[in-house]
Novice: 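One structure follows; several queries about it will come next.
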Amino acid sequence: MTVLAGESRMTAWLADQQPAMLSLLRDVVNIDSGSYDKAGVDAVGARFENFFREHGLLTRREPLERFGDAIHVRLDDRPTNEKPVVLMGHRDTVFAKGEAGRRPFTIENGRAYGPGVADMKAGLVINAFVLTAFAKLGGSPSPLVGLITSDEEIGSPACRPVIEGVARSARAVFNSEPGRPSGNVVTGRKGGVFMQMRVEGRPAHSGGNFERGISAIGEIAHKITAIHKLTDLAKGVTLNVGLIRGGEAVNMVAPWAEGEIDLRYIDPADRNVVMAKIEHIIASSTIPGTTATLMIKGEFMPLNPAPPSEALFSVYQSAAREVGLKIEGEFSGGCADSGFTAAVGCPTICAVGPIGGAAHTPDEYLEIASMVPRAQAMALAIMRLGPPGT
Ligand SMILES: [Zn+2]
């Protein structure tokens with residue numbers, strides 16, 4: 001029979017774990033795991049699997065072909081029909097192979113550095129310790145599982161169905177993206193669509209044969225201007241063509257050009273309106289004779305405040321207060337996997353990981369002192385959610 005851990009036993013056990021947390025964090029930060037580096041992402045996964053095995057938890061790999069495998073974690077093998085609470089996180093980073101060797105895990109003045117240290121290997125580490133704490137201290141009031149994904153930084157092309165499947169039958173999701181520098185968590189996020197447009201023109205010698213040419217670069221310039229004009233800051237709709245390339249030579253009329261478009265929005269209705277306008281811009285040409293195509297390369301759903309998620313946040317907020325943290329919910333323009341879990345109707349709270357900043361840059365840092373209290377806050381929130389049906 002399950003013996004529930006008292007809150008003070010839970011916080012006391014976690015309070016002693018900072019050195020062990022740092023040691024696991026050091027190991028996983030020092031393994032390169034860029035999203036496209038399947039071997040590296042799987043090596044980070046193997047390190048977590050070892051950790052769970054050492055502590056008697058059960059893991060299951062869901063094989064994925066192109067990207068790292070998804071890893072499911074359970075406290076024990078007791079069968080249950082109750083909906084679990086899910087501790088979620090991704091182990092891929094935005095950094096190229098070799099970054100961990102050049103810039104290994106280091107600690108300086110209370111901060112830890114290294115690729116992915118805050119986004120979000122530290123979040124996975126506290127998830128691992130919270131899962132372990134419940135396993136060691138007699139189980140959790142409602143079933144508790146972990147999900148470690150592999151491709152969030154590129155829009156979760158392979159893990160999205162895995163995440164949605166888990167969330168559809170879950171009671172709540174805690175996504176351990178890094179806490180804001182203020183310590184706040186994220187209760188709302190924008191949705192995002194990441195697209196590539198390609199324009200075809202006709203090549204010609206820019207000196208000898210100019211009239212025959214149709215400039216794809218000339219056309220994409222018009223399209224970029226038109227797409228940027230769709231930005232509506234008051235509505236939270238933004239458009240950014242963040243990458244362009246095209247042409248063959250300075251003395252050739254450009255036969256092709258490509259641009260990568262980033263659309264962010266808050267209201268799902270705006271997504272469809274803006275997408276229709278973009279498709280119209282792609283289909284019509286200012287420079288006659290050009291053609292263009294649009295391809296969606298990745299997409300995140302928005303995390304919008306909804307009553308079930310708000311209730312989850314208030315449980316978390318009061319649990320955090322218990323361990324001395326004053327936490328508010330913040331809105332973020334950044335996208336994350338929490339949008340997928342919220343979109344399928346699962347109460348979700350995001351950025352409950354340890355506090356960090358400067359993600360996706362070499363200055364990325366983690367506030368070491370936040371690891372234990374953030375783990376304690378999460379554990380107490382899980383306890384206070386209580387048994388299923390409460
Ligand atoms: Zn992240």
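FYI, side chains are in, hydrogens and waters are out, and symmetry mates aren't considered; it's all heavy atoms of this structure. Atoms within a ligand are numbered from 1 in the order they appear, just like the ligands themselves.
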Novice: If I consider every N, O or S atom in Glu177, which one ends up closest to the Zn ion (ligand 1)? I only need its name.
Specialist: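 Answer by atom name: OE1.
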Novice: Do other residues, nucleotides or ligands put more than 12 heavy atoms under 6.0 Å from Arg245 CZ?
Specialist: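 Count over threshold, so yes.
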Novice: Hey, is there an N, O or S on Asp119 sitting under 2.8 Å from the Zn ion (ligand 1)?
Specialist: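 Of the N, O and S atoms in Asp119, at least one lies under 2.8 Å from the Zn ion (ligand 1), which means yes.
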Novice: When you measure from the Zn ion (ligand 1) to the N, O or S atoms of Glu153, does any of those distances fall below 2.8 Å?
Specialist: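 So Glu153 does not count as coordinating the Zn ion (ligand 1).
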Novice: Give, for atom CZ of Arg321 and atom CD of Gln317, the distance between the pair rounded to the nearest 0.5 Å.
Specialist: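 Arg321 CZ to Gln317 CD: 5.0 Å, rounded to 0.5 Å.
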Novice: Using side chain to side chain donor-acceptor pair (under 3.5 Å) as the criterion, point out the one residue from Arg91, Glu153, Lys121, Glu99 that pairs with Ser33.
Specialist: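 Checked Arg91, Glu153, Lys121, Glu99 against Ser33; only one passes side chain to side chain donor-acceptor pair (under 3.5 Å): Lys121.
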Novice: Is the side chain of Gln17 donor-acceptor paired with the backbone N or O of Trp13 at a distance under 3.5 Å, no angle test?
Specialist: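 Here the side-chain-to-backbone pair exists.
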